[in-house]
Amino acid sequence: MLKFLNRDMRDHSKETIAMRRHMRIKGKSLKNILLERFLNNYGYDKGIVTAGAIVDDLLSIIENYYRYSDNSFIKNGQMVWHAVPIDEYPKKGKSIAQTKLKPVVLDMISDQDIEDMKIPLHHREIRMKKIERWTHQAYDQGALLSQLDLAMLLGVNEYTAGQYVREYYSLYGKKLPTRGNIQFLGGGQTHKKEIITLYLNGYLVPTICQRTNHSKEAVERYIRDFEAIRMLDTKFDDMNSISLITRLSKRVVQQYIELIPMEN
C-alpha cells in the first residue's frame, strides 16, 4: 500500500506569513518572555490578562530604576539587541518566547560608516558592510543574529536580508556567522560536506572553524555525528536502525553516509 505525505493545509498567504514573522519578532520582547515564565514556569494560574498587568507594572518599575545616567554604558551610535546564544539550539515546537536570549551591543553607526560617506557607495555595499559588522559583533559576544533580525535592523524584508547574506558569500567566499549558518536551520548538505571534507583531510577543529567560519561546538557536533554513523554503517545494513540509534533523521544519516570515503 502506497504511503502519501500529509497534505500541507497551512495558510501560506502573504498576510499569514507576515503575521508569523511579526509574532517571531514580538516573541523576543521582554514582556512576552516574562509572560511565558509566569504562565508556564512559575505556576501562575490567574490567567494571561492578570499576568500581563503584573508584567507591565514590573517593566515600568525596571524602566524607572535603570534609566541610564552614565552615557559610557551605550556609546553614541550603539544599541542593545537581544539575540539567541550560540549554544541555544532550535527544537521542534520551541517558540522564540521559549528560547533563551542574550543582549548584545551593536554599532548601528560606526566611525567607518561616517568615513564611507566621503565616497559614493551603492546601498547594497553599505548594507552588506553593516550585516558583516553586526553578525560578527553578535558572534563575538556569544550570540547569533537571524535573517529576520537583520531584516529588522536594516529596515527591509526577510527575503532581502537573506539575499544580502548569500551575496556576501558569493562575493567573498566566506559565510557570515548568522544563526542559520552556524546552527544549520536549513539542514543543507553543503555545511556537512565542507566540514567533514576538511576533517578527513586531517585538519584540526580550530582550523576547520576558521576556514568555515563556524563555531567550535557546531564543528565538533558534525564530526561526532559523522564518526558515529561511520562506525554504525559497518554494523547495520538498514538506515532505520542507524537513525534510531543516533536520533538523526534518515535524510541526515544518508547525507553522512555519502561522505564516508570509499575505502571504508
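Note: hydrogens, waters and symmetry copies are ignored here, and every other heavy atom, side chains too, is used.
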Does CE in M152 sit with more than 12 non-hydrogen atoms of other residues, nucleotides or ligands closer than 6.0 Å?
no
Per side chain to side chain contact (heavy atoms under 4.5 Å, CB included), I196 is matched among D225, V219, I208, L259 by L259
Return yes if some donor-acceptor pair links the side-chain N/O of T197 with the main-chain N/O of E194 below 3.5 Å, else return no.
no
Please work out which of the three classes, parallel, tilted or perpendicular, describes the rings of Y199 and F226, given edges at 30° and 60°.
perpendicular
Enclosure of N201 CG (heavy-atom neighbours >12, cutoff 6.0 Å)
yes
I'd like to check the salt bridge (charged side-chain N to carboxylate O under 4.0 Å, His left out) partners of E167; sequence neighbours left out, ordered by chain and number.
R124
Does I109 CD1 have over 12 foreign heavy atoms under 6.0 Å away?
no
Please check if the number of heavy atoms outside I48 that lie under 6.0 Å from its CD1 is greater than 12.
no
Check this for me, if you would: do R230 and E227 make a salt bridge, where the nitrogen-to-carboxylate-oxygen distance has to be below 4.0 angstrom?
yes
Any side-chain donor near an acceptor of the partner, N157 and T160, under 3.5 Å:
yes
Taking only residues at least two apart or on different chains, which pairs with a member in residues 93-135 satisfy ring-ring contact (aromatic ring centres under 6.0 Å, His included)?
none
Ion pair K216/E220, N-O distance below 4.0 Å
yes
Kindly write out the residues that satisfy ring pair (Phe, Tyr, Trp, His ring centres under 6.0 Å) with Y168, not counting sequence neighbours, or none if the list is empty.
Y172
Among all residues two or more places apart in sequence or in another chain, which pass the ring pair (Phe, Tyr, Trp, His ring centres under 6.0 Å) test with F236?
none
Results of salt bridge (charged side-chain N to carboxylate O under 4.0 Å, His left out) for E15 - residues two or more places apart only
none
Please check if atom CD in Q210 has more than 12 non-hydrogen atoms from other residues, nucleotides or ligands closer than 6.0 Å.
no
Residue Y89 excluded, over 12 heavy atoms near OH under 6.0 Å:
yes
Any ring-ring contact (aromatic ring centres under 6.0 Å, His included) involving residues 26-52? Give me the pairs, sequence neighbours left out, ordered by first then second residue.
F38-Y42, F38-Y44
Run the side chain to side chain donor-acceptor pair (under 3.5 Å) check on D149 and S146 step by step: do they pass?
CA-CA 5 Å; D149 289 323; S146 66; 3.2 Å; yes
How about N41: does its CG atom have over 12 heavy atoms from other parts shown lying under 6.0 Å from it?
yes
